[in-house]
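In what follows, every chain begins at residue 1, and chains take the letters A, B, ... in the order their sequences are listed.
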Number of protein chains: 2
Amino acid sequence: MKQQGKKKATIYDLSILSGCSASTVSAVLNGTWRKRRIKESTAELIQNLAEQHQYTANLQARGLRSSRSGLVGLLLPVHDNRYFSSMAQTFEAQVRSHGKCPVVVSASRDPQEELATVETLISYSIDELFIAGATDPDSVHGLCEAAGIRHINIDLPGTKAPSVISDNYQGARMLTQAIIKRFDDAAAPLKPEELFLFGGRNDHASRERIKGFRDIKRELLDHDSDACIQPTGYSPDMTQKAFEAFYEREGKLPRGLFINSSINFEGLLRFMAQHPHETFADIVVGCYDYDPFGSFLPFPVIMIRQDTESMLAKAFELIEETRPAVKIHLIQPELVHPRTALKGPLDSIRDIDA
Amino acid sequence: MKQQGKKKATIYDLSILSGCSASTVSAVLNGTWRKRRIKESTAELIQNLAEQHQYTANLQARGLRSSRSGLVGLLLPVHDNRYFSSMAQTFEAQVRSHGKCPVVVSASRDPQEELATVETLISYSIDELFIAGATDPDSVHGLCEAAGIRHINIDLPGTKAPSVISDNYQGARMLTQAIIKRFDDAAAPLKPEELFLFGGRNDHASRERIKGFRDIKRELLDHDSDACIQPTGYSPDMTQKAFEAFYEREGKLPRGLFINSSINFEGLLRFMAQHPHETFADIVVGCYDYDPFGSFLPFPVIMIRQDTESMLAKAFELIEETRPAVKIHLIQPELVHPRTALKGPLDSIRDIDA
DNA sequence: CTTTTTTGCACAATCGATGGTGCAAATAAT
DNA sequence: ATTATTTGCACCATCGATTGTGCAAAAAAG
């Protein structure tokens, strides 16, 4: 009964085999047959034939006709990082549970690439788009708007579509505070000029985090200075260079380090590879983003875990509203103490056999 | 000139606006117009109109007609792990450089889900499929074969389609050897019963790695035992339980640990969270998979970095052959010494501004 | 045994793009 | 001035599904 190497069966094939019209076959197979008052026995006949011939609908044809595809897109800056890959994992699970097909693509934080990618997705009539960390969410909004595609910003907000983001300001406050607290019963308490922020650039998230960092620093250490802020972009290499430069200048690292993202943290790793253990004997790192391995490094690493589950859940909720308000929804992130291995989306995957 | 909120322009719209037929418009816009001997001036006229009205082709319609979509799929077991997310990143770059649109989906290492996902991809007429770590590559092959879709196995081999995988046997040998060597100038050399393998299951990769592990152990330590092999599946939780059980029984961890994948390594992290630093004072870990953060843990971690770049490059090469031989291509992985921060696909992304 | 209602399905237009075919008009050859 | 070529484009069927409409036959009502 299997068709080896042949073309896929279409409703027309089944139409001939069953003696019914193609429209009847279509109705039976897409579930609208009761509405169309098709006899139960006819439906069964066709369903059996469909199974025997391994019929599956051509979703391009269906999409073309109904101008909906069943695809839901997630636009990511990059894959290769625990924050985003874990978001992708959660996204997939949630989309599937809604009976749709998830599609994840990355655009390398490149505005051009972002727009081009979204254009492509739109040309495939994706039904909904989740825009995570777009450099220019409002342009992306323009495209979606014009195409009538429901969309929502995640992680980085836009001004024209609803956004669900981490409370970066609060998160940064928590993190900065935790770094400082960590020195409470150290031999020498942390001096204000020993607490630096590295990484990030001029995006909403970085700005908020920097604000939180400064505010806490002012409140707890009564100190504020631009010199303590080193935005190095989102590149491991630039971050490494910044650390090297600092080390060259000062002969040591700052004892308190606020690192803007796990990507920047990789810059610190590169620096570490060049320097002996002792260089890091007395430092405390706070990293905005959680990475399980990062949490167990040889020095205390405090991390912020952004709640991608809640963010996505909220986003799904909003995207289903008919006319969601264009506002920013803040999701509280979580402070993760050193040496903590949190569960992740992988844990909900059942692992058959062994 | 912008169309706000309106429907997207089609070739028919442009056909009316230009006074040409739809087929002429089509030819001009898909680049076949010279072949069709369309006047240059006509082409320009239409191209201008297209730009003014922001025309982009409906790719579902094109795909329906030409039964090719321009989509290239990558089927992943999971996203949330550096090995696979880095593969996704590399994949994206390579597919884009071929002028196609990458689509990454995960199937949770669930055979049912895998088949369903591939069915869906096929229904969208994807042009090519890269199957990474499928639990049942040969069934997936069946679907692709029937639909006439070029496909190739990565990471885990199948018997019916060409496969590109890591040389897991050699990798495991290298890794095991490196672990043993690491104890050469230790106070007490590593005893055979102190070297254990944790993680993995009954898949090709695990079997090969176990084989390599055993062979080296026999060669260098003249010892072989089933007790030293603890396949715990690909679940952090199961792995943690295995460590806990071992610790409960022996009062300590094995000094030499071969961990089958970074996912299993996360099980060790969970164990670590429950136990003080001293527990790990004397151990050496070898992990099959590279994770930059994992490389800097407080004890020596030797890692194997699988060469996803080469694997994908080879896979692309093969998938373009008309009739690629059904054989397994081995790609050599790389041994990564402790405290090493390698560059990754993210490094080729230019980071604009700061 | 009519008339009305319900049941069960077929027909045909449509979604947007592609590509084979054919045919005038323009140009070149004789 | 005629015939042969070439140029430039229009026409139309097609890909596979969806959906509004219409119409027989069967069942129910009278």
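Checking Asn58(A) against Ser123(B) by side-chain atom types alone, no donor-acceptor pair falls below 3.5 Å. Judged by distance alone, the side chains of Ser125(B) and Gln60(A) do bring a donor and an acceptor atom under 3.5 Å apart. Remark: the Glu320(A) side chain and the His98(A) side chain contain an N/O donor-acceptor pair separated by less than 3.5 Å. Counting only N and O atoms by type, the side chains of His151(B) and Glu128(B) include no donor and acceptor under 3.5 Å apart. For the residue pair Glu114(B) / Thr135(B), a side-chain donor-acceptor distance below 3.5 Å is found, with atom types taken as modelled.
Atom CG in Leu29(B) sits about 11 Å away from atom C1' in dA17(C), given to the nearest Å. In this structure, CD1 of Ile11(B) is placed 12 Å from P of dC15(C), rounded to the nearest angstrom. dC12(D) atom C1' lies 11 Å from atom CZ of Arg65(B), rounded to whole Å. Look at CH2 on Trp33(A): it is 18 Å from C1' on dA10(C), rounded to the nearest Å. For the pair Ile16(A) CD1 and dA10(C) P, the computed distance is 13 Å after rounding to whole Å. At whole-Å resolution of the value, CD1 in Ile38(B) and C1' in dA25(C) are 15 Å apart. Taking atom CG on Leu59(B) and atom P on dA17(C), their separation rounds to 9 Å, with Å as the unit. For the pair Arg36(B) CZ and dC11(D) P, the interatomic distance rounds to 14 Å; values are reported in whole Å.
Nearer the 5' end of DNA chain D, as judged by each residue's closest nucleotide, is the contact made by Ala43(B), out of Ala43(B) and Ala61(A). Each of Thr56(A) and Ser41(B) has a nearest nucleotide on DNA chain D; the 5'-most of these lies closest to Ser41(B).
Side-chain atoms of Tyr12(B) lie closest to dA17(C) of the nucleotides dT18(D), dA17(C), dA17(D). Each of dT18(C), dG16(C), dA17(D) was ranked by its minimum atom distance to the side chain of Arg62(A); first place goes to dA17(D). Among the nucleotides dT19(D), dG8(D), dG16(C), the one closest to any side-chain atom of Lys39(B) is dG8(D). Checking dA10(C), dG16(D), dA17(C) against every side-chain atom of Thr10(B), the shortest atom distance belongs to dA17(C). Distance from the side chain of Asn58(A) is smallest for dA17(D) among the nucleotides dA17(D), dA10(D), dC15(D). For Leu64(A), taking side-chain heavy atoms from C-beta onward, the closest of the listed nucleotides dG16(C), dA17(D), dA10(D) is dG16(C). When distances are taken from the side chain of Arg37(A) to each of dC9(D), dT18(C), dC9(C), the shortest belongs to dC9(C).
Among the protein residues, Ser26(A) comes within range of the nucleic acid bases, having at least one heavy atom under 4.0 Å from a base atom. Nucleic acid contact class of Thr32(A) (heavy atoms, under 4.0 Å, all strands): none.
The number of heavy-atom neighbours closer than 6.0 Å to CD of Glu51(B), taken from other residues, nucleotides and ligands shown, is 12 or below.
Distance check: Cys101(A) SG to Glu92(A) CD gives 8.0 Å after rounding to the nearest 0.5 Å.
Using a 4.0 Å cut-off between charged nitrogen and carboxylate oxygen, Asp138(A) and Lys160(A) do not count as a salt-bridge pair.
Phosphate contact (OP1/OP2 of dA17(C), side-chain N/O of Tyr55(B), threshold under 4.0 Å): present. For Asn30(B), no side-chain nitrogen or oxygen approaches OP1 or OP2 of dA17(C) to under 4.0 Å.
Helix bend of the helix from dC1(C)-dG30(D) to dT30(C)-dA1(D): the angle between its two end axes, each built from five pairs, comes to 50° after rounding to 10°.
Under 3.5 Å, the side chain of Ser23(A) and the base of dC11(C) form at least one donor-acceptor pair of N or O atoms.
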